[in-house]
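This structure is in structure tokens; I'll ask about it shortly.
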Number of protein chains: 2
Amino acid sequence: MPVNEIEKRVRGAGLRPTRQRIALAGLLFCKENLHVCAEALHEKALDAGVRVSLATVYNTLDQFTRAGLLRAFTVEGSKTWFDTNVSNHCHFFIEDEDRILDIDLGGDWENQLPEPPEGMEIVGFDFVVRLRPKPLS
Amino acid sequence: MPVNEIEKRVRGAGLRPTRQRIALAGLLFCKENLHVCAEALHEKALDAGVRVSLATVYNTLDQFTRAGLLRAFTVEGSKTWFDTNVSNHCHFFIEDEDRILDIDLGGDWENQLPEPPEGMEIVGFDFVVRLRPKPLS
DNA sequence: CTGTGTGCAAACTCTTTGCATAAGT
DNA sequence: ACTTATGCAAAGAGTTTGCACACAG
């Protein structure tokens with residue numbers, strides 16, 4: 001993705017295109033369905049020679065999420081994961097590997113969500129299916 | 001539930017029926033689908049005049065969960081919740097109220113889980129639908 | 001008695017915050 | 001200039017752990 005595309009994206013989110021935000025956005029939005037947690041993105045940034053603090057990574061991920069550029073979800077009560085695929089979809093989580101895979105359920109699956117109780121509306125949902133390698137029996 | 005029923009349950013889990021475990025089990029299994037987090041159960045216990053430390057509550061909840069007496073899940077990356085309903089089912093989470101409701105999807109919904117990738121097997125799943133009160137528009 | 005369980009406080013992980021400095025417009 | 005971002009370190013929530021004492025079998 002060209003740099004000025006990235007800048008446009010950050011601006012579009014109502015955020016100043018600072019060096020750190022551009023760099024993080026560049027790392028994030030180069031892939032359609034990237035899954036990262038804050039710590040991992042911080043490492044990625046350092047590896048890429050970008051000087052950012054972990055706090056800024058957290059802040060930036062939150063800002064991008066609030067702006068709708070990312071989707072956040074959690075697994076096993078530990079880390080928060082961020083997904084560049086913001087459409088309604090579900091995840092496989094591979095235990096012991098700390099790895100996430102998108103599940104494409106296809107169709108209008110999300111229209112089949114359970115009916116909320118009277119007077120309530122659905123804000124969102126989190127659906128994670130936990131996996132492990134099949135034992136070789 | 002009579003006390004010796006509770007003791008049997010704790011024993012059945014391979015755990016010594018200590019004063020604390022009996023008391024916590026009594027508080028938990030009096031309801032079919034109770035949802036608590038550690039902090040809340042600790043308070044419940046103190047309110048009931050049971051002297052237990054928070055660490056023991058955490059340990060006991062973990063032990064009961066490993067023994068299959070409870071089911072654990074997390075919402076919004078914060079607290080871990082424990083459910084006395086250990087069957088496969090889903091949850092509504094009411095934001096701002098920190099309240100959990102069971103969703104009974106009925107039927108063999110859990111047999112319609114997505115097909116795991118080659119060589120993987122499903123260990124479990126977490127499905128939480130987040131709700132908020134419908135604005136009075 | 002012997003081995004587990006418990007309580008306490010300290011440690012730990014992930015995340016947020018306060019405040020001085022730096023950078024965007 | 002004026003305002004918003006950043007970095008750092010400290011605080012915070014939730015949970016786990018180490019170790020001495022207590023209790024079940």
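Chain letters run A, B, ... following the sequence lines, proteins first, then strands; residues in each count from 1.
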Legend entry - Nearest-Å distance for atom pair CD1/P, residues B:Ile22 and D:dC23: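 These atoms are roughly 16 Å apart.
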Inset, instruction - Could you tell me whether the side chain of B:Asp102 reaches within less than 4.5 Å of the side chain of B:His35, counting heavy atoms only? - result: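 A side-chain contact exists here, since the closest heavy-atom pair is under 4.5 Å.
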Inset, instruction - Indicate yes or no: at least one non-hydrogen side-chain atom of A:Leu34 is less than 4.5 angstrom from one of A:Phe29. - result: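 In short, these two side chains do not touch, never coming nearer than 4.5 Å.
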Legend entry - Check: B:Arg132 side chain, B:Asp96 main-chain N or O, donor-acceptor pair, under 3.5 Å: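 Not confirmed, B:Arg132 side chain does not pair with B:Asp96 backbone.
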Inset, instruction - Classify the angle between the aromatic ring planes of A:His91 and A:Phe73 as parallel (below 30°), tilted (30 to 60°) or perpendicular (above 60°). - result: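 Plane angle under 30°, so parallel.
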Legend entry - Integer-rounded Å distance: C:dT6 C1' and B:Leu61 CG: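 Going from B:Leu61 (CG) to C:dT6 (C1'), I get 15 Å.
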Legend entry - Rounded interatomic separation in angstrom, taking CG from A:Leu24 and P from D:dA5: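 So the CG-P distance, A:Leu24 to D:dA5, works out to 14 Å.
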Inset, instruction - State, yes or no, whether a side-chain contact exists between A:Val50 and A:Gln20 at a heavy-atom distance under 4.5 Å. - result: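 The answer is no, as the side chains (C-beta and beyond) never meet within the 4.5 Å cut-off.
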Legend entry - For atom CZ of A:Arg51 and atom P of D:dA5, their distance in whole Å: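 Rounded to whole Å, this separation is 18 Å.
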Inset, instruction - If a protein heavy atom is under 4.0 Å from the base, mark B; if only from the sugar-phosphate, S; if neither, -; do that for nucleotides 15-22 of chain D going 5' to 3'. - result: BBB-----
Legend entry - Between D:dG14 (C1') and B:Glu76 (CD): distance, integer Å: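 Interatomic distance, CD of B:Glu76 to C1' of D:dG14: 15 Å.
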Inset, instruction - Side-chain contact test, heavy atoms from C-beta onward, threshold under 4.5 Å: evaluate it for A:His89 versus A:Asn33 and give yes or no. - result: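 Answer no - side chains too far apart.
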Inset, instruction - Round to the nearest Å and state the distance from A:Leu46 atom CG to D:dT6 atom P. - result: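 A:Leu46 atom CG is separated from D:dT6 atom P by 15 Å.
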Legend entry - Qualifying residues under side-chain hydrogen bond (donor to acceptor under 3.5 Å, both in side chains), relative to A:Thr65, sequence neighbours excluded: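 By the side-chain hydrogen bond (donor to acceptor under 3.5 Å, both in side chains) rule, A:Thr65 matches no residue at all.
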Give each protein N/O atom lying under 3.5 Å from an N/O atom of nucleotides 22-25 of chain C, with the pair distance.
| from | atom 1 | to | atom 2 | distance (Å) |
| --- | --- | --- | --- | --- |
| C:dT25 | OP1 | A:Arg11 | NH1 | 3.1 |

Inset, instruction - Using a cut-off of strictly less than 4.0 Å, decide whether B:Gln20 has a side-chain nitrogen or oxygen near OP1 or OP2 of D:dC23. - result: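 For D:dC23, OP1/OP2 do not have a side-chain N/O of B:Gln20 under 4.0 Å.
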Legend entry - Nearest-angstrom distance from the residue atom NE2 of A:His42 to C1' of C:dT13: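 These atoms are roughly 16 Å apart.
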Legend entry - Note, A:Val128 side chain near A:Phe92 side chain (heavy atom, < 4.5 Å):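 Sidechains of A:Phe92 and A:Val128: no contact.
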Inset, instruction - Determine: side-chain N/O of B:Ser53 to OP1/OP2 of C:dC8, distance under 4.0 Å, yes or no. - result: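 It does not, given that no N or O in the side chain of B:Ser53 lies less than 4.0 Å from OP1 or OP2 of C:dC8.
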Inset, instruction - For B:Leu70 and B:Thr84, run side-chain contact (heavy atoms from CB on, under 4.5 Å): C-alpha distance rounded to whole Å, both residues' side-chain angles, the deciding distance at 0.1 Å, then the answer. - result: CA-CA 5 Å; B:Leu70 295 174; B:Thr84 55; 3.8 Å; yes
